[in-house]
**Student:** 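Questions regarding the structure given below will be posed in turn.
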Amino acid sequence: MTSAREGAFDLLIVGGGINGAGIARDAAGRGLKVLLVERDDLAAHTSSASTKLIHGGLRYLEHFDFRLVRESLIERERLLSIAPHIVQPLEFVIPQSESIRPAWMVRLGLFIYDHLGGRQTLPRTRIIRLEDHGFGRGLEVPVGKAFVYSDCRVDDSRLVLLNALDAAERGAQIRTRTELVAAHRASDQWTATLRGPGGSSEVRARVLVNAAGPWVDALFDRLGGARKRCSIRLVKGSHIVLPRLFPGEQAFLIQNPDRRVIFAIPFEREFTLVGTTDQGWDGPPAAAVISEEEINYLLDAVHRTFARKMGTGDIRGTYSGIRPLYDNRATNASAVTRDYVLDLDTDQAPLLSIFGGKLTTYRRLAEHALDRLSRYFPALSNPWTGDVALPGGDLAQPIETYAARLGDRYPFLPPPELARLARTYGTRAERLLGGAARAADLGEKFGAMLTAREVDYLISEEWARTAEDILFRRTKLGFQVSPETVERLEDYLRSRSAGSVPAARRADDAA
């Protein structure tokens, strides 16, 4: 097939995870012409396989990674401000009954954690007696001292999506299901061959950004004239989803005998999310699945901590992600730094490669990336993303108040559905619901509160294409639906795809 030649871009970003989407948003808002390509779906891999936390990384203090913890804590406050619909405060309980760390050590770490990042909105650490507090309910040993500190939970895949959406609304082109086949560089530009749903095309760009996550190393094989100067270490992290282990909306930090910590977090109302593991990985990143060893490791922690006993038959779901960590030569996978390194190759047309990083610091990573590239764009405007709400995050009141306001406008929707829509879409829930005056206006009901109106919105506005995109990345309803619901949704997607080109795709193709 003959490639169609397209116009030139300032940035060609390869990778639709959190770092690629964050850089695209920042760059588009500063006036650059941006093209982001992702071989699969946005957040299809590592960025949707996290522990769903925005946090400083309490355990990183043991590795003396104070700079990363401080930056993460500062970013925690910013993300809570700009995305209050998908980022919410969460209290974490650390029972000391089976702690392998003395109480004074935990208290010292939490004191540093409270003060290192300039905490503004979240409450400071406190000490409780479990037998006198509701947080003891559900524990195997509901007595003794416990520390309670605060971080935030997040819908990780929607964080990626909202950055890409904001980038697109500021002029960036976002192309999913589009692969970079090859690229070569000259003195002043890159020429890249792309392959997507519409066939092959050729684009030019002044700078190429390698934000391919676990594939950052592999991408170099497709970049003529580029050489790799840093390395990543692939580490698999796996999670299990169980029925609710304890009442309340607090989470638990569990200290394991091997000195690792895992989290037990309320998840999608009915479940508890437990993870993560840390295992070295040398296989294809997309092939990662949880191992029997990891399942037993997580279940053992659950058995030691909670009164409700769970076996493999109780597991409602699992997921595994490959974290592309910068290789600092640590012998233990848990000790590999979560910090990031930006490698700028200026031999000819610039190549910026992203090694490492974590979900919490993506926005600051993007700022650093644009700082590194500013010499090539003298008219680049100042940083801006720390104070501007992500789509749907322009709430003038608490999310609960906004959900109640939605109920005044759409009284036919039950409170649980209003709360879900508010937390998923923020103020854009009103764009989704539009002028609906009764439940029938939302079209077919697939189950778990998913309607045809919402599906159509996700296809036209958020690049969704498949049932998996909708059920596990645009929403988290996949853990609640039946196989029959999935089948009905897939039938609906097939029926509407013939001759229908989503709005997001039309905008890309017209450029």
Side-chain angles (χ1 to χ4, degrees), residues 9-30 32-50 52 54 75 78-79 82-83 85-87 154-180 205 207-216 219 321 323-324 340 342 352-354 356-370 373 383-386 388-393 425-426 428 458 461-465 469 472-474 504 507-508:
F9 295 87
D10 293 316
L11 294 187
L12 168 59
I13 302 170
V14 182
I18 189 60
N19 291 332
I23 293 171
R25 180 195 185 218
D26 194 334
R30 298 202 206 190
L32 298 185
K33 187 176 182 181
V34 177
L35 169 62
L36 181 148
V37 296
E38 163 56 46
R39 180 180 58 189
D40 299 309
D41 183 30
L42 296 169
H45 300 288
T46 304
S47 294
S48 60
S50 77
K52 323 300 183 193
I54 296 296
E75 288 304 298
R78 288 195 173 116
L79 294 177
I82 67 175
H85 51 321
I86 62 166
V87 179
V154 66
D155 186 329
D156 50 4
S157 53
R158 287 206 64 80
L159 184 63
V160 178
L161 185 281
L162 294 182
N163 275 273
L165 185 60
D166 202 24
E169 292 177 354
R170 296 176 188 275
Q173 291 191 37
I174 309 295
R175 302 188 193 179
T176 61
R177 274 79 180 185
T178 299
E179 183 177 14
L180 183 136
V207 176
L208 193 148
V209 177
N210 179 358
W215 290 271
V216 64
L219 192 69
R323 297 188 286 270
Y340 53 85
L342 308 180
L352 181 67
S353 299
I354 314 299
K358 60 195 292 275
L359 193 70
T360 303
T361 55
Y362 86 89
R363 193 204 64 83
R364 190 71 181 112
L365 182 153
E367 283 188 344
H368 283 149
L370 270 294
L373 297 175
W384 62 279
T385 58
V388 178
L390 285 164
Y425 302 102
R428 300 216 169 183
L458 293 173
E461 301 292 329
E462 296 191 359
W463 300 280
R465 299 290 180 270
D469 296 350
F472 288 99
R473 287 186 285 275
R474 303 311 185 277
D508 288 350

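Since the structure is predicted, the reported quantities are computational estimates derived from the model, not experimental observations. Count residues from 1 along the sequence.
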**Student:** Listed by chain and number, what are the ring pair (Phe, Tyr, Trp, His ring centres under 6.0 Å) partners of His45, not counting sequence neighbours?
**Tutor:**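 Here the qualifying residues are Trp215.
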**Student:** Anything under 3.5 Å between a donor and an acceptor, one on a side chain of residues 20-27, the other on a protein residue two or more places apart or in another chain? List them.
**Tutor:**
from  : atom 1 : to     : atom 2 : distance (Å)
Arg25 : NE     : Asp166 : OD2    : 2.6
Arg25 : NH2    : Asp166 : OD2    : 3.2
Arg25 : NH2    : Val388 : O      : 2.9
Asp26 : OD1    : Arg30  : NE     : 2.7
Asp26 : OD1    : Arg30  : NH2    : 3.4
Asp26 : OD2    : Arg30  : NH2    : 3.4

**Student:** Between Asn210 (side chain) and Ser353 (backbone), is there a donor-acceptor pair under 3.5 Å?
**Tutor:**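 Not confirmed, Asn210 side chain does not pair with Ser353 backbone.
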**Student:** What residues, two or more places apart in sequence or in another chain, satisfy side chain to side chain donor-acceptor pair (under 3.5 Å) together with Asn163?
**Tutor:**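 So Asn163 forms a side chain to side chain donor-acceptor pair (under 3.5 Å) with Tyr362.
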**Student:** With sequence neighbours excluded, what pairs up with Lys358 under the salt bridge (charged side-chain N to carboxylate O under 4.0 Å, His left out) test?
**Tutor:**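 Partners of Lys358 by the salt bridge (charged side-chain N to carboxylate O under 4.0 Å, His left out) criterion come out as none, since no residue qualifies.
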**Student:** With the side chain counted from C-beta on, respond yes when Arg474 and Trp463 share a heavy-atom pair under 4.5 Å apart, and no when they do not.
**Tutor:**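 Yes, at least one pair of side-chain atoms sits under 4.5 Å.
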**Student:** What residues, two or more places apart in sequence or in another chain, satisfy side chain to side chain donor-acceptor pair (under 3.5 Å) together with Arg39?
**Tutor:**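 Arg39: no side chain to side chain donor-acceptor pair (under 3.5 Å) contacts found.
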**Student:** Using atom types as modelled and distance alone, determine if a side-chain donor or acceptor of Thr46 lies under 3.5 Å from a backbone N or O of Gly321.
**Tutor:**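 Looks like no, no N/O pair under 3.5 Å.
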**Student:** Quick one: are Val14 and Leu219 in side-chain contact, heavy atoms under 4.5 Å?
**Tutor:**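 Result yes, sub-4.5 Å side-chain heavy-atom pair found.
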**Student:** Return the minimal non-hydrogen interatomic distance between Leu42 and Leu36, and the atom names on each side.
**Tutor:**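 Looking at all heavy atoms of both residues, the shortest contact is CD2-CD2, 4.4 Å.
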**Student:** What residues form a side chain to side chain donor-acceptor pair (under 3.5 Å) with Glu179, not counting sequence neighbours?
**Tutor:**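 Checked Glu179 against side chain to side chain donor-acceptor pair (under 3.5 Å); matches are Arg195, Arg222.
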**Student:** Under 4.5 Å between any side-chain heavy atoms of Leu373 and Leu11, yes or no?
**Tutor:**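 Contact flag for Leu373/Leu11 side chains = yes.
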**Student:** By side-chain contact (heavy atoms from CB on, under 4.5 Å), which residues pair with Ala83, not counting sequence neighbours?
**Tutor:**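 side-chain contact (heavy atoms from CB on, under 4.5 Å) check on Ala83 returns His85, Ile86, Val87, Leu390.
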**Student:** Side-chain contact test, heavy atoms from C-beta onward, threshold under 4.5 Å: evaluate it for Phe472 versus Asp41 and give yes or no.
**Tutor:**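 Answer no - side chains too far apart.
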**Student:** Regarding Lys52 and Asp156, does a basic nitrogen lie under 4.0 Å from an acidic carboxylate oxygen?
**Tutor:**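 Asp156 and Lys52: salt-bridged.
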**Student:** With sequence neighbours excluded, tell me which residues meet salt bridge (charged side-chain N to carboxylate O under 4.0 Å, His left out) with Arg363.
**Tutor:**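 Counting only residues at least two positions away or on another chain, Arg363 forms a salt bridge (charged side-chain N to carboxylate O under 4.0 Å, His left out) with Glu75, Glu367.
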**Student:** Run the side chain to side chain donor-acceptor pair (under 3.5 Å) test against Asp469 and tell me which residues pass, sequence neighbours left out.
**Tutor:**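 Checked Asp469 against side chain to side chain donor-acceptor pair (under 3.5 Å); matches are Arg177, Thr466, Arg473.
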**Student:** Would you say Glu462's side chain and Ala464's backbone share a donor-acceptor pair under 3.5 angstrom?
**Tutor:**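 Checking the backbone N and O of Ala464 against the side chain of Glu462, no donor-acceptor pair under 3.5 Å is found.
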**Student:** Salt bridge or not for Arg428 and Glu169, using N-O below 4.0 Å?
**Tutor:**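 Looking at Glu169 together with Arg428, the answer is yes, because their closest N to O distance falls below 4.0 Å.
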**Student:** How about Leu35 and Val37: do any of their side-chain heavy atoms sit closer than 4.5 Å?
**Tutor:**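 Result yes, sub-4.5 Å side-chain heavy-atom pair found.
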